[in-house]
Amino acid sequence: VKTPAAIPPPMGVDVVERIGNTMTLSLGPQHPSTHGVLQVVVEVSGETIERAEMEIGYLHTGIEKSAENLFWTQAQTVIERMDYLNPIGNALCYVLAAEQLLGVTERIPPRAQTIRVLMTELTRISSHCVWLGTHGIDLGAISAFWYIFDIRENVLDLVELAGGARMHPNYLRIGGVNGDIPAGYLAKLDELIEKFPQRMHEMRTLLQNNPIWRDRTIDVGIVSPEDAISWSLTGPALRASGIAYDVRKAFPYCGYETYDFDVPTRTEGDAYARFLVRLDEMDQAMRIIAQTRKRLETPGPIMVDDPKIAPPAKETIAISMEALIHHFKLVSEGFRVPPGDVYQAIESPRGELAYYLVSNGNNRPYRVRTRPPSMYNLQALKQMAIGNLIADVVVMIGSLDPVFGEVDR
Amino acid sequence: VPSSQSPSIAGTALDPTSVRPSIADAEIVRVAPDELRDVLIRLRGEGCTMLLDVGAVDYLEREPRFDVVYHLLALPPVVATVAQVGMPRRVRVLAGVPGSEPRLPSVADLWPSADWAEREIFDLFGITFDGHPDLRRIQLPYDWQGHPLRKDYPLRGPAREATPRPAFALKSNVPAGTPPSGRVAAALQKQRELDEKRPT
C-alpha cells in the first residue's frame with residue numbers, strides 16, 4: 001500500500017490557496033462551461049489571471065490502444081468516437097490513411113469521394129452548430145442555441161438517412177462508402193440548402209452585432225500569428241490570427257481542389273475573430289455542399305473495385321462461391337495492409353486532424369496515433385489566459401471549441 | 001482486377017518504416033537521439049516553424065525499440081493568404097529510442113506545444129524527456145502502474161485483471177433453485193407443449 005505522501009498531489013486539489021497577493025483557484029473539472037471535463041487551475045491577482053494550468057485526462061478511454069487490437073475496418077468504430085462532434089471527419093481521416101497504405105487512393109470512385117465530401121461538410125456544420133449553441137449559452141445568449149439546433153437536427157437527419165445513425169453512422173469504409181444515398185435524399189438536401197442562409201442570417205442578427213456579445217468577446221484571448229505557430233494552433237483558431245492554412249487547400253484530399261470555396265480569415269486573433277471565422281466557415285461548407293449536390297445527380301459505383309477490400313454485393317453471395325468466400329474472409333479475418341507508415345491530415349472543424357498509421361503487414365493496425373487538434377488548441381489557453389479576467393476563461397475555452405473525447409482519447 | 005492483396009502479404013514486418021511504400025506524405029529524416037535537437041533546431045531555422053505533433057511507436061522486438069516521431073510544418077509566422085501559405089513543406093523526424101532506459105532530450109523550450117505531447121508519451125510509453133519543465137502523467141491517474149501503449153502491456157490492463165469483481169456482481173438477487181417465472185416460465189411451458197405434440 002502506497003503512503004499518500006508518495007503520490008504527488010494533483011494541482012488545484014486545495015481549491016483555495018493564498019500566496020502573497022495572489023490566489024489559486026480551481027475551475028472544473030465539473031463545470032458546465034468546460035464542455036466536458038476540464039480542470040483549469042488559475043493563479044489570480046484580483047480578477048486578473050497571472051498563470052493558468054490545465055488538467056486533462058478525465059475522459060481517457062484508451063481508444064488508440066483499442067484500435068490497435070481491432071481489424072482495420074473494426075477500428076473505425078472506436079475512432080469515430082474520439083471527436084464525437086465530428087465522427088465522419090475522424091473516420092474519413094483514418095480511412096484515407098489506410099487507403100494510402102493499401103495503395104488504392106487513385107482507384108476510389110468519384111461518387112464515393114463526393115459523398116465523403118458531402119458528409120464531412122455536413123458534420124462540419126453540425127459540429128459548428130454545437131459550438132455556436134454552447135458558446136452562446138456560456139455567454140448567456142440562450143436563444144441562439146434553440147435556433148441553431150434546429151439546423152443541426154436537419155443535418156443529423158440527413159446523416160441518418162444516408163448512414164443509418166445520427167451520431168456515429170460508421171458510414172465510410174476503407175475503399176468507399178457503405179451504401180449509396182437513398183432515393184429522395186437530394187430533395188431533402190435541397191430543403192436544407194434552401195433553408196440554411198435564412199437561419200444563418202438570423203444567427204448573425206442575434207449575435208454578430210449584439211453589443212453584449214461584442215463586449216464579451218472582442219479583445220479577449222488575443223493570439224498573435226507567432227504565438228499561434230509556436231503553440232501549434234490549427235483550424236479556425238489559426239485562421240483567426242491571419243494565417244490562411246487550410247488542409248483542404250494546402251494538401252487537398254477527396255478532390256477538394258475541384259471545389260470552389262474560400263478560406264475565411266481574420267487578423268484580430270481574439271475570441272470574436274474566431275467566432276466570425278467559424279460562422280463564415282459554415283457558409284462556405286454549405287457552398288461546398290451545394291456543389292456536391294450537383295455532382296451526386298450522376299450515378300456511379302461507391303466502392304473500390306477490389307473484392308479483397310470491398311465486401312461483395314448481397315445478391316451475389318447467393319449465386320457466387322467466390323463472393324461467399326470473400327465475404328467470409330472479410331468478416332472473419334478482415335484484410336491485410338502492406339507494411340509501412342503514413343501521415344494523413346484532414347481539415348476537421350477544429351483544425352488539422354491527422355492519423356499517423358503504422359502497419360506491419362497484419363490485419364490489425366500496428367499503431368494508430370492521432371494528431372488531436374483540440375488538444376493543441378486547448379494547450380494554448382496557458383498563454384492566452386494570462387492578463388485576462390477570470391470571467392473570460394469561459395469565453396476563451398468556448399472560442400477554442402475543444403472536444404474532450406479527442407483531447408483525452 | 002488488380003488487388004492490393006496480390007502478391008499476398010505474409011508475415012509481419014519488424015521495422016515497417018524501412019519497407020514503406022512510396023507515399024509522398026512528408027520528407028522523412030531519421031536521427032539518433034543525441035543529434036535530435038540539432039536537427040530540429042536546423043529544420044526550424046529552415047522555416048519548419050510549427051511542431052504539429054509528437055507521437056511514439058513501440059516496435060517491441062526491434063532495436064532500438066521505440067520511435068518518437070516529430071511532425072513539422074513550414075508555415076509563415078506572419079499574416080498570410082492561401083496563396084502565400086501554398087503547399088507548405090512537411091517533415092517527419094524519427095528518433096529511435098532504446099528499450100532499456102528510454103530517454104530523449106525535450107524540445108518544450110523550442111516549441112511550447114511540445115509540453116503536453118511529451119507528457120503524453122511519458123505517460124503512455126514511459127519515455128523520459130530530459131529538460132521537460134513539468135514531466136508528469138497527463139492522461140492516466142498519478143498512481144497508475146505501467147505504460148499502456150507499450151506492446152507488452154495487456155489490452156485489459158493488469159489492474160483490471162488483478163481486481164476481484166465487487167461483491168454485488170457475484171451474488172444474484174434470485175436464490176439458487178428458484179423455479180423460473182413470468183415470460184421465461186411461459187416460454188418453457190409452450191416449448192413443453194410443442195414437444196408433447198411432436199410425434200416421436
Side-chain angles (χ1 to χ4, degrees), chain A residues 2 7-8 10 56-57 60 62 64-66 69 100-104 225-226 229-232 234 242-246 249-251 263 265 267 305-309 335-344 352 354 356 358-362 366-367 369 371 375-376 379-380 382-383 408-409, chain B residues 1-6 8-14 16-17 19-21 23 25-26 49-53 55-59 69 71 73 75-82 84-88 90 92 111-113 115-117 120 123-124 136-143 148-149 153 155:
Chain A
K2 276 194 163 180
I7 304 164
I56 61 168
H60 181 68
E64 288 178 2
K65 181 85 174 175
S66 305
N69 287 279
Q100 294 252 34
L101 283 174
L102 281 164
V104 296
E226 304 88 66
I229 293 285
S230 61
W231 285 93
S232 304
T234 46
I243 302 168
Y245 171 63
D246 187 319
K249 288 280 188 195
F251 303 99
V263 179
T265 50
T267 49
D305 185 17
D306 184 341
K308 302 286 181 193
I309 302 173
F335 48 81
R336 288 165 191 274
V337 170
D341 61 337
V342 68
Y343 180 86
Q344 170 72 46
E352 172 163 336
Y356 177 64
V358 179
S359 168
N360 65 350
N362 222 327
Y366 189 75
R367 175 80 174 102
R369 163 68 191 170
R371 193 255 168 206
M375 185 175 116
Y376 286 97
Q379 192 178 195
K382 283 194 276 192
Q383 159 109 22
D408 300 343
R409 280 159 288 135
Chain B
V1 177
S3 169
S4 65
Q5 307 286 294
S6 58
S8 61
I9 309 151
T12 54
L14 207 59
T17 54
V19 291
R20 68 191 300 267
I23 303 166
D25 56 346
T49 46
M50 190 187 270
L51 179 71
L52 270 175
D53 191 24
V57 191
D58 177 9
Y59 289 109
V69 190
H71 303 275
L73 186 70
L75 283 183
V78 288
V79 173
T81 62
V82 173
Q84 281 163 343
V85 169
M87 188 176 166
R90 271 194 201 283
R92 182 152 84 232
W111 285 283
S113 60
D115 181 355
W116 282 8
E120 193 177 309
D123 186 2
L124 302 176
R136 304 177 276 139
R137 284 195 185 269
I138 185 166
Q139 303 285 19
L140 299 174
Y142 295 89
D143 53 349
L149 279 182
Y153 190 97
L155 177 62

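The structure displayed is predicted, hence computed values, not measured ones.
For the options B:Ala117, B:Pro88, B:Gly86, B:Pro148, heavy-atom pairs under 4.5 Å to chain A are most numerous at B:Pro88. In terms of heavy-atom pairs under 4.5 angstrom with chain A, the leader among B:Leu140, B:Ile23, B:Asp58 is B:Ile23. Annotation: maximal heavy-atom pairing with chain A below 4.5 Å, among B:Val19, B:Leu149, B:Thr49, occurs at B:Leu149.
For A:Glu352, the part sitting under 4.5 Å from any heavy atom of chain B is the side chain, from C-beta outward, and nothing else. Proximity to chain A (any heavy atom under 4.5 Å) is shown, for B:Val57, by both the backbone and the side chain. Interface residue A:Tyr245: backbone and side-chain heavy atoms are both found under 4.5 Å from chain B.
A:Ile243 places none of its side-chain heavy atoms less than 4.5 Å from the side chain of B:Gln84. In this structure the side chain of B:Leu52 reaches within 4.5 angstrom of the side chain of A:Tyr343, judged on heavy atoms. With a 4.5 Å cut-off on side-chain heavy atoms, A:Tyr356 and B:Asp53 do not count as touching. Considering only heavy atoms from C-beta on, A:Val358 stays 4.5 Å or farther from B:Thr17 through its side chain.
Residues satisfying the salt bridge (charged side-chain N to carboxylate O under 4.0 Å, His left out) criterion with B:Glu120, sequence neighbours excluded, are A:Arg369, A:Arg409. Residues passing the side chain to side chain donor-acceptor pair (under 3.5 Å) test with B:Arg137, sequence neighbours excluded: B:Asp123.
The aromatic rings of B:Tyr59 and A:Tyr366 sit parallel to each other, their planes meeting at less than 30°, with 60° as the upper class boundary.
The existence of a salt bridge linking A:Lys382 and B:Asp115 is confirmed by a sub-4.0 Å separation between a basic side-chain nitrogen and an acidic carboxylate oxygen.
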